[in-house]
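For reference, the structure is listed below as structure tokens.
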Amino acid sequence: MTAVRRLIFVAAIVSGVTVAAQPPALRYQDDYRTINGLRLHFVAWSADTVAERPTIILLHGIARHAHTFDHIAPNLFRTHQVIALDMRGHGDSDWSPEGAYLVDDYVSDLEGLIDQLRLRTVSLLGNSTGGRVAQVYAGRHPDRVDKLIVEDVGPERPQSIADAFARQVEQEKNGWASEDELVAQLAARNRRTPEARLRTYARYGVKKRQDGRLIWKRDPNLVKGFVETELWDAVRKITAPTLYVIGGGSRIVPPETQQKLKDTLPNVRIVVMPGLGHYPDEEDTAGFMRIVGEFLQ
């Protein structure tokens with residue numbers, strides 16, 4: 001068993017975490033690390049074999065959580081140890097008392113996690129805000145990133161996107177009467193996404209308020225860090241082989257940004273999945289994993 005895998009299994013035993021019911025060769029575990037003063041939660045998929053596996057860390061989008069990768073983690077596990085992080089303010093990770101939710105804050109947490117797990121190099125897969133974090137980390141630590149996968153996000157976040165998220169937080173503050181009500185609302189906004197994906201998002205992403213209504217676990221102050229952003233200084237320093245998977249129906253990474261990425265990065269591949277939106281991995285999981293699997297090989 002590798003040093004990292006021993007570290008995760010020992011920590012799980014000490015902290016008394018429960019291993020989910022999975023086939024003997026495939027398990028996922030909940031674990032925690034205290035980084036930058038915050039207790040951060042992550043989900044680790046590990047093997048019962050001595051075979052060496054490289055590590056891939058999965059970074060979710062704004063207002064989401066580690067379990068939104070449950071549908072692709074088993075596939076990635078064929079070749080990698082898989083770690084999915086609840087970024088600060090999300091899921092089962094602590095909230096920042098100062099409302100510190102800029103990309104730099106998330107990157108600092110990722111740096112701490114990789115150091116604490118004693119990972120020399122990693123691959124990164126990030127979607128939406130997690131993709132911005134992955135890009136910045138890869139630019140700041142080019143010698144520690146094997147491969148970089150970025151899903152439907154680039155180096156820029158315009159003010160219009162930031163404003164839309166602030167409106168969403170305000171609209172959802174009163175929560176939902178049931179999980180079914182929330183899933184129905186999510187399905188109306190995400191017609192290409194299978195219900196099973198949306199139900200996982202809802203199930204692991206909410207908690208009960210005192211009056212019994214379900215509300216998101218996430219910190220409402222996430223809006224303080226979801227602001228207009230430009231990350232080209234970090235992106236220009238990326239040296240790892242890099243894959244951008246873009247939803248053809250999304251406007252997050254326009255053609256001019258795609259061209260600039262091609263002109264900027266010497267080892268980049270950009271794949272547009274026609275007709276898909278902001279989360280291609282959920283809308284066409286098989287197609288997304290074919291692209292990613294080929295890249296990781």
Side-chain angles (χ1 to χ4, degrees), residues 18 20-21 28 30 32 38-43 58-73 84-97 99-101 106 126-131 151-153 157 160-227 247 249-252 276-285 288:
T18 302
Y28 77 77
D30 295 290
Y32 296 82
L38 301 177
R39 189 170 184 255
L40 302 183
H41 166 255
F42 62 91
V43 179
L58 313 181
L59 302 164
H60 60 77
I62 193 71
R64 297 169 79 82
H65 51 74
H67 282 286
T68 54
F69 293 110
D70 282 0
H71 63 295
I72 66 172
L85 174 65
D86 274 341
M87 297 196 296
R88 61 168 61 199
H90 296 80
D92 294 318
S93 287
D94 281 351
W95 296 3
S96 166
Y101 296 114
Y106 298 125
N127 54 34
S128 196
T129 294
E151 183 180 358
D152 201 59
V153 75
R157 179 194 291 140
S160 59
I161 294 177
D163 292 343
F165 177 61
R167 289 194 297 271
Q168 178 185 336
V169 171
E170 178 64 23
Q171 292 165 0
E172 295 178 341
K173 65 181 181 181
N174 196 39
W176 299 268
S178 67
E179 181 181 297
D180 286 342
E181 181 184 346
L182 170 55
V183 170
Q185 187 181 104
L186 292 172
R189 296 201 308 251
N190 303 273
R191 297 189 180 278
R192 290 182 293 259
T193 304
E195 182 180 319
R197 309 279 185 269
L198 300 175
R199 195 161 291 279
T200 296
Y201 178 26
R203 183 158 298 158
Y204 289 97
V206 298
K207 60 184 178 181
K208 274 194 177 183
R209 202 167 58 186
Q210 285 187 335
D211 62 1
R213 290 185 67 81
L214 298 178
I215 58 173
W216 293 118
K217 291 179 181 179
R218 65 190 185 226
D219 186 351
N221 282 324
L222 290 174
V223 295
K224 293 183 177 180
F226 200 77
V227 295
S250 169
R251 294 178 291 177
I252 302 295
L276 300 188
H278 191 41
Y279 289 99
D281 73 281
E282 295 182 348
E283 297 177 18
D284 180 5
T285 301
F288 179 83

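Residue indices begin at 1 and follow the sequence shown. Quick caveat: nothing in here was measured; it's all calculated off a predicted structure. All values below come from the heavy atoms of this structure, side chains included, with hydrogens, waters and symmetry mates left out.
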*Main-chain N/O of Y279 paired to D152 side chain as donor or acceptor, under 3.5 Å*: no
*Would you say Q185 and N190 make side-chain contact, with heavy atoms under 4.5 Å?*
no
*Would you say the side chains of T68 and R197 form a donor-acceptor pair under 3.5 Å?*
no
_Note: R199-D180 ion pair, threshold 4.0 Å (strictly below)_ = yes
Review item, side-chain donor-acceptor pairs of residues 219-227, under 3.5 Å, at least two apart:
unit_1, atom_1, unit_2, atom_2, d
D219, OD1, N221, N, 2.9
D219, OD2, Y101, OH, 2.6

_What's the separation between atom CG in L85 and atom CG in L58, rounded to the nearest 0.5 Å?_
9.5 Å
*Check the angle between the aromatic planes of H65 and Y201 and answer parallel, tilted or perpendicular using the 30° and 60° thresholds.*
tilted
*Would you name the heavy atoms of K208 and L214 that are closest together and state the gap between them?*
CG-CD2, 3.6 Å
*With distance as the sole criterion, is a donor-acceptor pair present between the side chains of D70 and T200 under 3.5 Å?*
no
*Is it true that the side chains of H41 and D30 contain a donor and an acceptor less than 3.5 Å apart?*
yes
*State the CZ-CH2 distance between R64 and W216, to the nearest 0.5 angstrom.*
8.5 Å
*Any ion pair linking R189 and E172 (charged N to carboxylate O, less than 4.0 Å)?*
yes
*Interatomic spacing from CD in E151 to OG in S128 - rounded to 0.5 Å*: 9.0 Å
*Evaluate the criterion side-chain contact (heavy atoms from CB on, under 4.5 Å) for residue pair F69 and E282; output intermediate values, then yes/no.*
CA-CA 9 Å; F69 293 110; E282 295 182 348; over 6 Å; no
*Start with the C-alpha distance between H71 and D281, add both sets of side-chain angles, then the distance that settles side chain to side chain donor-acceptor pair (under 3.5 Å), and finish with yes or no.*
CA-CA 9 Å; H71 63 295; D281 73 281; 2.9 Å; yes
*Mind checking the OG1-CD1 spacing from T129 to I62? Nearest 0.5 Å is all I need.*
4.5 Å
*Is a donor on one side and an acceptor on the other found under 3.5 Å between the side chain of D86 and the backbone of F42?*
no
*Could you tell me whether the side chain of R203 reaches within less than 4.5 Å of the side chain of V183, counting heavy atoms only?*
no
*Between atom CD of E170 and atom CZ of F165, what is the distance when rounded to the nearest 0.5 Å?*
12.0 Å
*So, for A66 and A84, which heavy atoms are closest and what is the spacing to 0.1 Å?*
CB-O, 3.4 Å
*Using 4.0 Å as the upper bound for N to carboxylate O, is an ion pair formed by D92 and K217?*
yes
*Minimum heavy-atom distance between G89 and W95, given as atom pair plus value*: CA-CD1, 3.7 Å
_Salt-bridge criterion met for D211 and R213 (N-O under 4.0 Å)_ = no
_Heavy atoms from other residues, nucleotides or ligands near CZ of R192 exceed 12 (cutoff 6.0 Å)_ = yes
*So do the side chains of V206 and L182 get within less than 4.5 Å of each other, counting heavy atoms only?*
yes
*With distance as the sole test, does D284 use its side chain to make a donor-acceptor pair with the main-chain N or O of P280 at under 3.5 Å?*
no
_Can you tell whether the side chains of R191 and E283 come within less than 4.0 Å, N to carboxylate O?_
no
*Roughly how far apart are S93 OG and L38 CG, rounded to 0.5 Å?*
8.5 Å
